[in-house]
Amino acid sequence: MPPRKSPASRLQPAAGEDAAPAPRPAGRDLVNPMDRFVGYKIRRIKQAVIGELNDILRPHELRIMDFATLCIVEANPGLYQNEITRLLGAEPPAVVLSLDRLEKGGYLIRRLSENDRRLRTLHLTPSGRQLQKKVNVKVEQQERQIKLAVHGDLAAFVAALDDLMRYYDLD
């Protein structure tokens with residue numbers, strides 16, 4: 001049996017081999033076998049969409065969780081802090097950090113509940129509502145571009161995404 005090569009020696013050409021691989025012919029189509037997996041495609045699309053969303057949010061010093069929190073509190077003023085955790089599908093410590101950032105920025109206030117003094121309700125400040133509306137316009141533009149990229153029946157595509165969310169208990 002021939003001796004095993006060390007990792008470093010595997011990278012060096014054997015006697016008589018060229019040191020560099022032959023250049024690829026121009027226009028050669030490479031195949032990514034991962035493209036046949038739906039989950040892989042979803043992950044790649046997610047990375048692109050999240051990258052764009054981060055670019056939208058960065059000038060406002062917001063994270064995705066912060067923007068989602070602003071939107072949810074705008075739609076549900078007075079919701080309990082523990083309810084937003086469920087709606088976001090996030091871990092409580094991550095939600096608390098987002099709430100802390102938004103409260104420190106003057107965009108959100110937490111009030112003790114009138115019904116149960118152990119609970120806090122969430123409310124946007126006027127500047128929080130203004131920021132949410134301003135950023136939401138840009139996110140809606142991104143959303144329109146995503147929808148334009150879908151050819152075919154958009155309603156069926158969105159319904160299929162809803163099916164996946166239900167399958168994974170994400171709704």
Salt-bridge criterion met for D163 and R166 (N-O under 4.0 Å): yes

Are any side-chain N or O atoms of R120 and backbone N or O atoms of R111, one a donor and one an acceptor, separated by less than 3.5 Å? no

Is the number of heavy atoms from other residues, nucleotides or ligands under 6.0 Å of F157 CZ greater than 12? no

Measuring from K46:NZ to R43:CZ, what's the distance to the nearest 0.5 Å? 9.0 Å

Indicate yes or no: at least one non-hydrogen side-chain atom of R118 is less than 4.5 angstrom from one of L112. no

H60 vs K134, side-chain contact (heavy atoms from CB on, under 4.5 Å): CA-CA, chis, key distance, verdict: CA-CA 10 Å; H60 305 283; K134 180 178 181 180; 3.8 Å; yes

Would you say Q47 has more than 12 foreign heavy atoms packed within less than 6.0 Å of its CD? yes

From CG (L148) to CD (E143), nearest 0.5 Å: 10.5 Å

Is there a path of hydrophobic side-chain contacts, each under 4.5 Å between heavy atoms, that joins L164 and L170? yes

Looking at S127 and G106, would you say the former's side chain and the latter's main chain have a donor-acceptor pair under 3.5 Å? yes

CG/L108 to CG/D66 distance, rounded to the nearest 0.5 angstrom? 10.0 Å

Test of understanding: clusters of I, L, V, M, F, W, Y form through side-chain heavy atoms closer than 4.5 Å, transitively. Do I50 and L161 belong to the same one? no

Let me check something: any side-chain donor-acceptor pairs from residues 67-82 under 3.5 Å, sequence neighbours excluded? List them with distances.
{"from": "T69", "atom 1": "OG1", "to": "M65", "atom 2": "O", "distance (Å)": "2.8"}
{"from": "N76", "atom 1": "ND2", "to": "I72", "atom 2": "O", "distance (Å)": "3.0"}

Could D55 and K138 be called an ion pair, given the rule that one side-chain N must be under 4.0 Å from one carboxylate O? no

Kindly determine whether I56 and L62 satisfy side-chain contact (heavy atoms from CB on, under 4.5 Å), including the steps that lead there. CA-CA 9 Å; I56 292 167; L62 290 174; over 6 Å; no

Any donor-acceptor N/O pair, Q142 side chain to V49 backbone, under 3.5 Å: yes

Does L124 belong to the same Ile/Leu/Val/Met/Phe/Trp/Tyr cluster as I64, with side-chain heavy atoms less than 4.5 Å apart forming each link? yes

Rounded distance [0.5 Å steps], NZ in K104 versus CG in D100: 9.5 Å

Determine, using the 4.5 Å side-chain heavy-atom cutoff (strictly less than), whether Y167 and V38 are members of one ILVMFWY cluster. yes

Criterion side-chain contact (heavy atoms from CB on, under 4.5 Å) on R63 and L57, from CA distance to verdict: CA-CA 6 Å; R63 298 177 185 179; L57 299 176; 5.9 Å; no

State the CG-CD1 distance between L99 and I109, to the nearest 0.5 angstrom. 12.5 Å

Quick one: CZ on R36 to CE on M34, what's the gap to the nearest 0.5 Å? 8.0 Å

Audit row: L97, R101, side-chain contact (heavy atoms from CB on, under 4.5 Å) steps and yes/no: CA-CA 6 Å; L97 288 173; R101 278 191 302 273; 4.0 Å; yes

Under a single-linkage definition using a 4.5 Å side-chain heavy-atom cutoff for Ile, Leu, Val, Met, Phe, Trp and Tyr, are L119 and L88 assigned to the same hydrophobic cluster? no

Ignoring hydrogens and angles, state whether a donor on the side chain of T121 or H123 is under 3.5 Å from an acceptor on the partner side chain. yes

